Amino acid sequence: MSGMIYQQEATGLSSPRRHVDRMRINGGKALSGRIELKGAKNLVTKAMVASLLGDGVSVLRDVPDISDVEVVSGLLELHGVSITAGTEPGEMILDPSRVELAHMAEINAYAGDSRIPILFCGPLLHRLGEAFIPDLGGCRIGSRPIDFHLDALRNFGARVEKLPEGIRMTAPERLHGAKIELKYPSVGTTEQVLLTAVRAEGTTELKGAAIEPEIMDLIAILQKMGAIISVDTDRVIRIEGVDRLSGYSHRALFDRNEAASWAAAALATEGDIFVGGALQKDMTTFLNVYRKVGGAFDIADDGIRFYHPGHALKSVVIETDVHPGFMTDWQQPLVVALTRAEGISIVHETVYENRFGFTDALVKMGAQIQLYRECLGGHPCRFGQRNFQHSAVISGPTELHGADVVVPDLRGGFSHFVAALAAEGTSNISNVGIISRGYEHFIGKLDQLGADFDVTA
Ligand code: EPU
């Protein structure tokens, strides 16, 4: 992972960029103003992969200018997909008419930058009978195994061969429908099953599926392409395979993780941010918690205004969970706001076993946070009897002060920025490149919101 962030300009898909690795933040200033969201990182990258399944051209709108999109674009181009910008900013046109196998070495050149390559397997097995997955990257927030993915692909009839440079898959015959039950509602594996089952022969039944809004949007895209997918009650998805799919035309669902991040930034810095494009219906769980903490919000047709109420914040108990629970990607920036709330807050992380590494930096900045191996404040989870510090106790209110910190991962890194912006004094943040994986025009947005900062390298 590069330690550089791209300083971006809002000019569309291929905006000019300047590399930034370190930033100095002068904190203690409320963030206020308006920012606009684009499509969700965790939908857009999968929608781009779905284009591989179509006979014709696909058009995706509201594609954010982030490095995860660049990585997936590069991987698709390696496989013969032609990608061009459309007429409106953020519009992407994907033409898969000349899909071909890529060389392992070339795919490997992208290894470590993204976990998306694993989702290429189903579509490539359908089109070419062969696929290759390099060593997978993504944020270091747990062991992040791929066993569910490999089991699912084997169930569809794929042969899986582990090689020193990665995993090679082949489909000696057309893949067939399968009955699959997930031990945990994994987002990525649900997407894997959808992207593979739509063109497999016969019917697939997936039990224990994830049902995040990004998955529902992917299902909407696949339906536009000609797929037959029904989502039943109790996390069961049924897919009737079809022989061919067409391209699609789709505007991506908004990025609710980015919306939650800026909402937390407004609260922690005692600011006022209008997040254009945020939709209440996909954020109800977040909004409930925000209100319990004492945060204020006004819902408009074109977005949500998030702001500090002007009086003390309250402590809460949160348990992260799969949808419709409180998302794991929402807790890190909100923890910064909880350092300012009165009383003891508890956050029990039940999705990833190792997602509190970011709190070390907050403690360095004056926060009082203790980590525990026990499942605190909620239901016992699958990490409870093991050696994972997956519960955090935050005592507040505390005053934060500036410090030198290193960004550890995407959401943890955003929380470091929020803490530095809320803190008295100056902070130096390095390794800020990770932020560009998932936050579009991050530096420009800080500027728009009135943050006081310098780009130091
Ligand atoms: N898991 C397994 N085996 C597998 C797959 C997953 O044990 O084969 C476990 C994971 O280790 C984890 C849990 O299942 O403990 C959930 O993982 P999931 O598969 O749902 O996560 P993912 O698909 O790898 C996506 C998002 C994450 C988000 C999670 C949960 C993308 C690219 N990433 O990851 O987003 O936190 O779902 O909602 O869609 C982020 O945006 O910063 C981010 C990390």
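Because the structure is a prediction, the values reported are computed rather than measured. Both counts, for ligands and for their atoms, begin at 1 and track the order of listing.
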Query - Ligand-side contact atoms (ligand 1) for residue partner His149, heavy atom cut-off under 4.0 Å - result: 8 (O)
Query - Contacting atoms of ligand 1, where contact means under 4.0 angstrom from a heavy atom of Ile146 - result: 8 (O)
Requested in this report: Flag this pair as yes if the NZ/CZ of Arg382 is under 6.0 angstrom from the six-membered ring centre of Tyr184 and inside a 45 degree cone about the axis; otherwise no.
Outcome: yes
Query - Glu36 and Arg34 ion-paired at < 4.0 Å - result: yes
Query raised in the report: Hey, is ligand 1 close enough to Tyr352 that some N/O pair sits below 3.5 Å?
Result: yes
Query raised in the report: Less than 3.5 Å between some nitrogen or oxygen of Asn42 and one of ligand 1, yes or no?
Result: yes
Query - Shortest reach to atom 23 (O) of ligand 1 by a heavy atom, considering only Ala40, Gly413, Gly188, Gly412 - result: Gly188
Query raised in the report: Applying salt bridge (Lys or Arg N to Asp or Glu O under 4.0 Å), which residue pairs with at least one partner in residues 181-191 are found, sequence neighbours left out?
Result: Lys46-Glu191
Requested in this report: Rounded to the nearest 0.5 Å, what's the gap from CD1 on Ile35 to CG on Leu446? Could you check?
Outcome: 10.0 Å
**Report entry** Gly438 to ligand 1, any heavy atom closer than 4.0 Å
**Finding:** no
Query raised in the report: Tyr439 pairs by side chain to side chain donor-acceptor pair (under 3.5 Å) with which of Lys41, Arg411, Glu258?
Result: Arg411
Query raised in the report: For atom 36 (O) of ligand 1, which candidate among Thr190, Asp255, Asp329, Thr320 provides the closest heavy atom?
Result: Asp329
Query raised in the report: Under 3.5 Å, N or O to N or O, is Leu410 touching ligand 1 that way?
Result: no
Requested in this report: List in chain and number order the residues that pass side-chain contact (heavy atoms from CB on, under 4.5 Å) with Glu130, two or more places apart in sequence or in another chain; answer none if no residue qualifies.
Outcome: Leu101, Arg168, Thr170
Query raised in the report: Do Val187 and ligand 1 have an N or O pair less than 3.5 Å apart?
Result: yes
Query - Heavy atoms of other groups near Arg159 CZ, more than 12 under 6.0 Å - result: no
Query - Under 3.5 Å: N/O of Phe148 near N/O of ligand 1 - result: yes
Report summary line: Under 4.0 Å between heavy atoms, the region of Glu191 that gets near ligand 1 turns out to be neither
Query raised in the report: Would Arg437 and Asp68 count as a salt bridge (charged side-chain N to carboxylate O under 4.0 Å, His left out) if you check the C-alpha gap in whole Å, the side-chain angles of each, and the deciding distance to 0.1 Å?
Result: CA-CA 5 Å; Arg437 280 194 48 214; Asp68 267 13; 2.9 Å; yes
Report task. Measure from atom 13 (C) of ligand 1 to every heavy atom in Phe383, Trp330, Phe414, Tyr184 and give the option owning the shortest one. Result -> Tyr184
Requested in this report: Indicate yes or no: does an N/O atom of Pro145 lie under 3.5 Å from an N/O atom of ligand 1?
Outcome: yes
Report summary line: The reported gap from NE2 in His348 to CD in Glu374 (rounded to nearest 0.5 angstrom) is 10.0 Å
Report task. Can you spot which of Leu52, Leu75, Val49 makes a side-chain contact (heavy atoms from CB on, under 4.5 Å) with Val81? Result -> Leu52
Report task. Work out whether the distance between some heavy atom of Lys46 and some atom of ligand 1 is less than 4.0 Å. Result -> yes
Query raised in the report: Counting from 1, what ligand 1 atoms have a heavy atom of Lys41 closer than 4.0 Å?
Result: 40 (C), 41 (O)
Query raised in the report: With backbone taken as N, CA, C and O and side chain as the heavy atoms from C-beta onward, which portion of Thr328 lies under 4.0 Å from ligand 1: side chain, backbone, both, or neither?
Result: side chain
Query - Of the listed options Arg382, Arg355, Gln332, Arg411, closest to atom 44 (C) of ligand 1 (non-hydrogen atoms) - result: Arg355
Requested in this report: Scan His390, Arg355, Gln331 and name whichever one has a side chain to side chain donor-acceptor pair (under 3.5 Å) with Glu349.
Outcome: Gln331
